[in-house]
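Just so it is clear, the structure is predicted and the values come from calculations on it, not from any experiment. Residue indices begin at 1 and follow the sequence shown.
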Amino acid sequence: MVPLYTCCPFPSSKALQISPSFLLLSSRNPKFLPFTISRILRATSISTSAAKHEEPTRTSYAGVQLEETVDETKQGKLRLDSWISSRIQGISRARVQSSIKSGLVKVNGRVVDKVSHSLRAGDKVNCVISDLQPLKAEPEDIPLDIVFEDDHVLVVNKPSHMVVHPAPGNANGTLVNGILHHCSLPTVASSEKEVLFDTEDMSDDEQDIFHGASAGAASVRPGIVHRLDKGTSGLLVVAKDEHSHAHLSEQFKQHTIQRVYISLTCGVPSASAGRVDIPIGRDSNNRIRMVAVPGLSHHGRARHAASRYKVIEVLAGGGSALVQWRLETGRTHQIRAHAKYMGIPLLGDEVYGGTKNMALSLLRPRTPPYYNDELSRLVSRLERPYLHALVLGFEHPHSGEKMRFSCPPPPDFGEILNHLRKIGIEKVKFLIEMPATRIIGLIFSA
């Protein structure tokens, strides 16, 4: 019988025993954590004539200036960081955000340091891109909801709205900051200024395993084997020594890790259960978003991605659904991109179409008139994609024991779910294998 570990209500205060290899988080130890999602900007020499036909790859965007007026043909409002990113080819949104926060951007002659500042047609924008700064991760006394820990691994229930590791624009309050404090580790920093993290690109539901990264980049994310989106809650495993990291990374690479998620969707899938086998690649129109690309021949960097889904409950007369997902692969934003492809974007997922307006358009026609005011208040509180990493199973890197952990969704997820159930609920019956039956019970008791 495989043990099933459930979420503990309080963080553990037990001091961790850290192996010496975990402490050597510096450029002198390039073998530790050889994976990262980062961009290493290569130096490129290019002649003046060639530059007319080809955009050079920059070694750094530091000092690049943009002076431009927002197109008069544009309608409505635009975010400042998004607009600048669209005007400078190849630059990351996180790099632009760092420049804005450094006071290097003016709108109509006035310094604006708010990345979400709304632009209007006719606004004059003057921007200077800031220098790359070494990333640092400082220990912070952040409460961690630790589900399990021993000398080799740490399983954490990550709250929504917490970033996993530091990156430009998110230097503090991350899971890594909390781990450094919990493990009594010193400050760690990237020693390579040319390593550029892109927060928007890195966050995902279940990240791929990346090879060939620099030690400097890895050093700001001690022990991180995989990641969850900032807005995604749930279970995440952290390695506490080099052997454990390598072993767990291989399990992710071979897709032998058990990962079960639950989500609330806008609308209901046409089939109550199925398998989505559609490659996922970067959206050419929006670099922070992924897109499902059907067909055998796809351009760019679309990669094989497969997700199995099962509708657990039809909610609000078909305006929403509680859906279980099992990942066969771990691509960036996999569940969110597949859900959008299926026409059921996750509730609260503004990036992939699960907007408040869409939620209202689906729910209001199915809601009794006396409940409309409460429905409007409910939708106004949607602050994130309602996705939760419910189950995580893996082979212990040292003992070989099969381990499985489960953790119910957080209160905000349960609150939205209960409101949708009040409008209407239809349970979908399936023959669900153990221990999923026990896990589904956690959802129903939320």
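T256 places a side-chain N or O within 3.5 Å of a backbone atom of Q251 that can act as its donor or acceptor partner. Formation of a donor-acceptor pair under 3.5 Å by the K158 side chain with backbone atoms of M162 is found in this model. At distances below 3.5 Å, at least one donor-acceptor pair connects side-chain atoms of N418 with backbone N or O atoms of G414. A donor-acceptor pair under 3.5 Å is formed between the side chain of S361 and the backbone N or O of M358. For the pair T329 (side chain) and R331 (backbone), a donor-acceptor distance under 3.5 Å is absent. No donor-acceptor pair under 3.5 Å is formed between the side chain of T232 and the backbone N or O of L228. A donor-acceptor contact shorter than 3.5 Å is absent between the side chain of S307 and the backbone of L327. Not one N or O on the side chain of R289 forms a donor-acceptor pair closer than 3.5 Å with the backbone of D283. Of the possible donor and acceptor atoms, one in the side chain of K356 sits under 3.5 Å from a partner among the backbone N and O of S380. Side-chain N or O atoms of H333 include none that pairs as donor or acceptor with a backbone N or O of R336 at under 3.5 Å.
Here the CD1 atom belonging to I423 is positioned 5.0 Å from the CG atom belonging to L375, to the nearest 0.5 angstrom. A distance of 12.0 Å separates NE2 in H245 from CD in E250, rounded to the nearest 0.5 Å. With rounding to the nearest 0.5 Å, the separation of CG in D141 from CG in L180 is 12.5 Å. One distance of note links OG of S376 with CG of L360; it measures 5.5 Å at 0.5 Å rounding. Within the model, atoms OG of S263 and OH of Y261 stand 11.5 Å from one another, a figure rounded to the nearest 0.5 Å. Between atom CG of residue L315 and atom CD1 of residue I416 there is a gap of 11.5 Å, rounded to the nearest 0.5 Å.
Between V323 and I312, the closest side-chain pair of non-hydrogen atoms is not below 4.5 Å. Looking only at side-chain heavy atoms (C-beta outward), L236 and V164 come within less than 4.5 Å of each other. Contact annotation: the side chain of E313 approaches that of L417 to within less than 4.5 Å [non-hydrogen atoms, C-beta and beyond]. You'll find the side chain of I262 stays beyond 4.5 Å of the side chain of L387, heavy atoms only. In this structure the side chain of V156 never reaches within 4.5 angstrom of the side chain of V147, judged on heavy atoms. The side-chain heavy atoms of V237 and H226, taken from C-beta on, include a pair separated by under 4.5 Å. Within the 4.5 Å cutoff, the side chain of I278 has no heavy atoms near those of the V293 side chain. Within the 4.5 Å cutoff, the side chain of L175 has no heavy atoms near those of the V163 side chain.
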Practice item. Step by step, work out the side chain to side chain contact (heavy atoms under 4.5 Å, CB included) result for I91 and V96. Key: CA-CA 7 Å; I91 197 168; V96 171; 3.9 Å; yes
Practice item. Starting from the C-alpha separation in whole Å, work towards a yes-or-no answer on side chain to side chain contact (heavy atoms under 4.5 Å, CB included) for V225 and V238. Key: CA-CA 6 Å; V225 182; V238 178; over 6 Å; no
Exercise for review: Could you walk me through whether D241 and H398 pass the side chain to side chain contact (heavy atoms under 4.5 Å, CB included) test, one step at a time?
Suggested key: CA-CA 11 Å; D241 58 70; H398 284 263; 3.4 Å; yes
Exercise for review: List the steps, then state whether side chain to side chain contact (heavy atoms under 4.5 Å, CB included) holds for V153 with L248.
Suggested key: CA-CA 10 Å; V153 297; L248 289 168; 3.9 Å; yes
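Here S99 pairs with S130 under the side-chain hydrogen bond (donor to acceptor under 3.5 Å, both in side chains) rule; sequence neighbours left out. Among residues two or more places apart in sequence or in another chain, the side-chain hydrogen bond (donor to acceptor under 3.5 Å, both in side chains) test is passed with S233 by H388. Under the rule for a salt bridge (Lys or Arg N to Asp or Glu O under 4.0 Å), R364 has no partner lying at least two apart in sequence or in another chain. The side-chain hydrogen bond (donor to acceptor under 3.5 Å, both in side chains) test applied to S86 returns no partner, not counting sequence neighbours.
The minimum heavy-atom distance between L346 and T265, with the atom names listed, is CD2-CG2, 4.0 Å. Heavy atoms only, all atoms of each residue included: P294 and Y341 are closest at CB-OH, 3.8 Å. Of all heavy-atom pairs spanning L362 and G267, the tightest one is CD1-N, 3.6 Å. Taking each heavy atom of G318 and R366 in turn, the nearest pair found is C-NE, 3.6 Å. Looking at every heavy atom in both residues, I100 comes nearest to V105 through CG1-CG2, 3.6 Å. Shortest non-hydrogen contact noted between S320 and V268 is O-CG2, 3.4 Å.
Between F148 and H396, the two ring planes are perpendicular [angle over 60°; tilted spans 30° to 60°].
Residues in residues 371-392 take part in these salt bridge (Lys or Arg N to Asp or Glu O under 4.0 Å) pairs, two or more places apart or across chains: R381-E415, R384-D412. The stretch residues 264-276 participates, sequence neighbours left out, in these salt bridge (Lys or Arg N to Asp or Glu O under 4.0 Å) pairs: R275-D277, R275-E328.
A donor-acceptor pair shorter than 3.5 Å cannot be found between the side chains of H338 and Y352.
Between F252 and F394, the ring center distance fails the sub-6.0 Å criterion.
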